[in-house]
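Every heavy atom of this structure was used, including side-chain atoms; hydrogens, water molecules and symmetry mates were not.
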Amino acid sequence: MEKISLQQVLPAVFADNPPTGSEVWLADTVFEKGRSYLIEASSGLGKTTLCSFLYGWRTDYSGTIRFDGRDVCGLGTTGWTGVRRREIAILFQDMKLFGELTALENAMLKNSLTGFKSEGQITKMLERLGIGDKAHSPASIMSAGQQQRAAFVRSLCQPFDFIVLDEPVSHLDENNSALMRDLLLEEASARGAGIVVTSIGKHFDMDYDKILRL
């Protein structure tokens, strides 16, 4: 996938009171592979909603979202399965880890669907992010910041043309944020992938190709 296009997209919840001044909602916006984007907004303006639209979790919007010119409304279950396995990776704001599984098991579960990383590679990524000692700890007893890093590692266990990260450093200090950023840039560069990050104010310290107000 080379391009994600949004044409006059508006969440249904905003239909009776559309936002003004947004560079995403009710606009024509394009995310290109190989470029990085920061989506900034105050709480309640639809950052997580946008991520859900791009990942196909929600369809309650007007307007059109296209992947390389194809309206995503026509993808169907099989099409979306392929997109989520090979083209778009995501780090959810609420992580969506299985609490009874360890950090390593959560990542390996995703990897079992893609076969993209080895167990050794996944372990090294956990170590790079400072949670190697939590590899065999249930996610439910990990701190929010540790869970955030574990969920990020899981998101890397697949090929992707775009990676979408919803407030990825909300629970991290500056040092751990930098560790995650460096791994993100390394992995995205290896794939030539696009990066879409949402932020309520705290975000990766990096040179974005474009910053958009939601």
Side-chain angles (χ1 to χ4, degrees), residues 4 6 9 11 13-14 19-25 27 29-55 57-58 88-97 99 103 106-107 110 125-134 137 139-157 160 162-189 191 193-214:
I4 298 173
L6 281 71
V9 171
V13 69
F14 297 147
T20 58
S22 174
E23 295 174 289
V24 178
W25 303 139
T29 304
V30 176
F31 302 120
E32 296 180 318
K33 184 179 178 182
R35 295 171 65 84
S36 58
Y37 302 86
L38 176 64
I39 312 297
E40 293 188 313
S42 302
S43 180
L45 292 182
K47 296 181 300 301
T48 298
T49 297
L50 173 63
C51 296
S52 296
F53 290 167
L54 297 180
Y55 203 61
W57 278 84
R58 289 174 55 181
I88 298 180
I90 191 167
L91 173 58
F92 296 99
Q93 184 181 6
D94 59 359
M95 281 78 87
K96 298 190 185 300
L97 294 171
N106 269 282
K110 175 66 173 290
M125 289 193 292
L126 293 171
E127 292 171 349
R128 279 188 60 175
L129 297 183
I131 53 172
D133 60 332
K134 302 298 181 183
S137 298
S140 60
I141 66 171
M142 296 168 63
S143 71
Q146 292 166 345
Q147 289 185 29
Q148 205 160 38
R149 283 171 279 170
F152 173 61
V153 168
R154 181 187 59 187
S155 74
L156 299 178
C157 294
F160 57 79
F162 289 88
I163 183 166
V164 178
L165 306 103
D166 191 10
E167 296 191 47
V169 295
S170 56
H171 300 289
L172 300 183
D173 58 28
E174 185 175 333
N175 180 65
N176 284 312
S177 174
L179 292 175
M180 187 186 287
R181 175 204 61 205
D182 292 346
L183 182 57
L184 169 65
L185 292 175
E186 180 181 307
E187 292 284 327
S189 177
R191 297 161 171 77
I195 300 170
V196 180
V197 180
T198 72
S199 170
I200 198 172
K202 186 179 181 182
H203 55 76
F204 290 123
D205 182 12
M206 55 185 270
D207 293 326
Y208 296 94
D209 289 298
K210 195 168 186 178
I211 299 175
L212 300 167
R213 293 293 301 175
L214 191 60

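- In this structure, the side chains of R128 and L179 stay at 4.5 Å or more apart for every pair of heavy atoms.
- Summarising the geometry of V197 relative to F204, their closest heavy-atom pair is CG2-CD1, 4.2 Å, with the distance given to 0.1 Å.
- In this structure, D182 CG and E186 CD are separated by 8.5 Å, a value rounded to the nearest 0.5 Å.
- Summarising the geometry of L91 relative to Q148, their closest heavy-atom pair is CD1-O, 4.1 Å, with the distance given to 0.1 Å.
- Between the side chain of D166 and the backbone N or O of F92 there is no donor-acceptor pair closer than 3.5 Å.
- Put simply, the side chain of L97 reaches to within 4.5 Å of the side chain of R154, judged on heavy atoms.
- Open room surrounds CG on D207; 12 or fewer heavy atoms of other groups in view lie less than 6.0 Å from it.
- Looking at S36, its side chain does come within 3.5 Å of a backbone N or O of D209 through a donor-acceptor pair.
- Look at E23 and K210 and you find no salt bridge, because none of the NZ, NE, NH1 or NH2 atoms lies under 4.0 Å from a carboxylate O.
- In terms of modelled atom types and a separation under 3.5 Å, the side chain of Y208 and the main chain of I195 share no donor-acceptor contact.
- The heavy-atom pair separating A150 from L126 by the smallest distance is CA-CD2, 4.4 Å.
- Minimum interatomic distance between F14 and G44 (heavy atoms only, all atoms of both residues): CZ-O, 3.6 Å.
- Under the 3.5 Å distance criterion, the side-chain polar atoms of R149 are matched with a main-chain donor or acceptor of G145.
- Rounding to the nearest 0.5 Å places CD of E167 at 12.0 Å from CG of L172.
- For the atom pair I131 CD1 and N176 CG, the distance stands at 9.0 Å (nearest 0.5 Å).
- When every heavy atom of I200 is checked against every heavy atom of S42, the shortest pair comes out as CG1-C, 4.3 Å.
- With R181 contributing its side chain and D205 its backbone, the two residues share a donor-acceptor pair below 3.5 Å.
- You'll find the side chain of P168 stays beyond 4.5 Å of the side chain of F152, heavy atoms only.
- Contact annotation: the side chain of T49 never approaches that of V13 to less than 4.5 Å [non-hydrogen atoms, C-beta and beyond].
- The two atoms that bring L156 and R191 nearest to each other are O-NH2, 3.0 Å, heavy atoms only.
- Interatomic distance, Q147 CD to D94 CG, rounded to the nearest 0.5 Å: 10.0 Å.
- Residues F162 and L54 form no side-chain contact, since every pair of their non-hydrogen atoms from C-beta on lies 4.5 Å or further apart.
- For the residue pair S170 / Q93, no side-chain donor-acceptor distance below 3.5 Å is found, with atom types taken as modelled.
- Atom CG of residue N175 and atom CE of residue M180 lie 12.0 Å apart, to the nearest 0.5 angstrom.
- When side chains are defined from C-beta on, I4 does not count as touching V196, because their heavy atoms never get closer than 4.5 Å.
- Considering only heavy atoms from C-beta on, F31 comes within 4.5 Å of L6 through its side chain.
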Subject >> Chi angles and distances behind the side-chain contact (heavy atoms from CB on, under 4.5 Å) call for V9, W25 >> reply: CA-CA 5 Å; V9 171; W25 303 139; 3.7 Å; yes
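- Distance CG/L50 to CG/L212: 9.5 Å, rounded to 0.5 Å.
- In this structure, F160 and S155 have side chains that are not in contact, with every pair of non-hydrogen atoms separated by 4.5 Å or more.
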